[in-house]
Amino acid sequence: MLTHLGAGDRGFENSRPALDGIMSPPFTSTYANRLLQAFALAGLASLEPHLKLVTLALGEVLIRADTPIAYVHFVERGIVSLVAVARDGEQIETGLVGCEGMVGIPVLLGAESTPNEARVQAAGLAYAMHVEAFRDVLRCSPVLHEHLLRYAQVLNTQVACTALANGRYKVGQRLARWLLMCHDRTEGDTLPTTHRFLSLMLGVNRPGLTTAVAALERAGIIATRRGTITICDRDALLVEAGAAYGVPEAEYERLIEGTVKPALIRPH
């Protein structure tokens, strides 16, 4: 099950990123990051000496387009958007990473940089690891490398499903899918977001998005306030999303956690 960002942690939204003077991790098995939890039999001990706990500030760019990647991040709390950026400045979200994953897959695949970006959309915490140490650990631990490659396959599946949703599903269904994905990665039912941000991430115009949001609100599925959307009826939201949601989630359970589920189940 996912671990989520609690209301008591909202103060991270105003904190600044830090890689100097950051905290050392508690070397226990109590990581919130599901990949680190799953590493218990796949070389976690080789990673731990290099992990540094950092804050993820709202809007922080962890990976900049066409810039050498310095750190990979295992997210403990918060959400990171993976954003495709065109040469003319057009942008769209291609994936989400929360406490189930890692930011920095291009490094895993042998690249030093990427034309895309990774931005914090919900503040929180992550364990950062310098790329040189990360590469050294992978060279020494084929089992760990293979495990992370399976996560890369999951993320690739998510990106493919995002492309499918953007190309074949209506705005309301795409919105429901996105809200469910954020809900999976957030403790509680309230998501910090704005219509402008949603419009950018989903690649839809503001009027179309406003209509889709209003329809979900009239149905009692969500409630909106300035800067937030609250999920009121997750089951109904699953119905709205339909086939657009669930494939990457099931793939994660199959490849990373060894079970098969139609979709993630959130704790109550």
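The residues of the chain are indexed from 1 along the displayed sequence. The basis for the numbers below is simple: all heavy atoms, side chains too, and nothing from hydrogens, waters or symmetry mates.
Here the closest non-hydrogen pair linking Asp233 and Gly220 is CB-O, 4.2 Å. When all heavy atoms are compared, the tightest approach of Ser46 to Leu144 is OG-CD2, 4.2 Å. The two residues Ile222 and Cys232 make their nearest non-hydrogen contact at C-SG, 3.8 Å. Closest of all the heavy-atom pairs between Gly227 and Thr194 is CA-CG2, 4.2 Å. Shown here for Phe74 and Asn33, the closest heavy-atom pair between the two residues is C-ND2, 3.5 Å. In this structure, Ala65 and Glu117 approach most closely via the heavy-atom pair N-CG, 3.4 Å.
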side-chain contact (heavy atoms from CB on, under 4.5 Å) assessment of Leu164 paired with Tyr169
CA-CA 8 Å; Leu164 176 62; Tyr169 293 117; 4.3 Å; yes

For salt bridge (charged side-chain N to carboxylate O under 4.0 Å, His left out), just list the numbers for Glu93 and Arg119, CA-CA rounded to whole Å, side-chain angles, deciding distance to a tenth of an Å, and then say yes or no.
CA-CA 10 Å; Glu93 183 180 79; Arg119 304 177 194 154; over 6 Å; no

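Not a single donor-acceptor pair under 3.5 Å links the side chain of Thr55 to the backbone N or O of Ala57. In this structure a side-chain-to-backbone donor-acceptor pair under 3.5 Å is missing from His73 to Val75. Between the side chain of Thr228 and the main chain of Leu191, no donor-acceptor pair closer than 3.5 Å is present. Panel note: side chain Thr211, backbone Pro207; a donor-acceptor pair is recorded below 3.5 Å. Although no hydrogens or angles enter the test, the distance criterion places a donor-acceptor pair under 3.5 Å between the side chain of Thr94 and the main chain of Leu82. Between the Glu100 side chain and the Leu35 main chain, no donor and acceptor come within less than 3.5 Å of each other. In this structure, Arg177 contributes its side chain and Ala241 its backbone to no donor-acceptor pair below 3.5 Å. For Ser199 (side chain) and His195 (main-chain N/O), no donor-acceptor pair under 3.5 Å exists by modelled atom type. Under the 3.5 Å distance criterion, the side-chain polar atoms of Glu251 are left unmatched by any main-chain donor or acceptor of Pro248.
Of the inter-residue distances, the one linking Ile63 atom CD1 with Ile69 atom CD1 reads 4.0 Å to the nearest 0.5 angstrom. Taking SG from Cys161 and CZ from Arg168, the interatomic distance works out to 14.5 Å, rounded to the nearest 0.5 Å. Expressed to the nearest 0.5 Å, how far CD1 of Ile92 lies from CG of Asn116 amounts to 11.5 Å.
Under the 3.5 Å distance criterion, with hydrogens and angles disregarded, a donor-acceptor pair is assigned to the side chains of Asp184 and Tyr245. Side chain to side chain, Arg225 and Thr190 fail the donor-acceptor criterion of an N or O pair below 3.5 Å. Side-chain N/O atoms of Ser113 and Thr67 include no donor and acceptor closer than 3.5 Å. In the model, His183 has a side-chain atom that pairs as donor or acceptor with a side-chain atom of Arg234 under 3.5 Å. Tyr31 and Glu48 form a side-chain donor-acceptor contact under 3.5 Å, judged by distance and modelled atom types alone.
The residue from Leu209, Leu237, Val204, Leu180 that alone fulfils the side-chain contact (heavy atoms from CB on, under 4.5 Å) condition with Leu175 is Leu209.
Looking at heavy atoms from C-beta onward, Tyr151 lies out of side-chain contact with Leu255 at the 4.5 angstrom threshold. Side-chain contact between Gln158 and Met181 is present, with at least one heavy-atom pair separated by less than 4.5 Å. Residues Met201 and Ser81 meet the side-chain proximity criterion, which asks for heavy atoms closer than 4.5 Å.
Linking Ile, Leu, Val, Met, Phe, Trp and Tyr residues whenever their side-chain heavy atoms come within less than 4.5 Å leaves Val97 and Val61 in two separate clusters.
Taking the six-membered ring for Trp and the full ring otherwise, Phe134 and His50 have centroids separated by 6.0 Å or more.
Taking a 6.0 Å sphere around CZ of Arg64, one finds it holds 12 or fewer heavy atoms contributed by other residues, nucleotides or ligands.
Note on Arg150 versus Glu257: no salt bridge recorded, every NZ/NE/NH1/NH2 to OD/OE distance being 4.0 Å or above.
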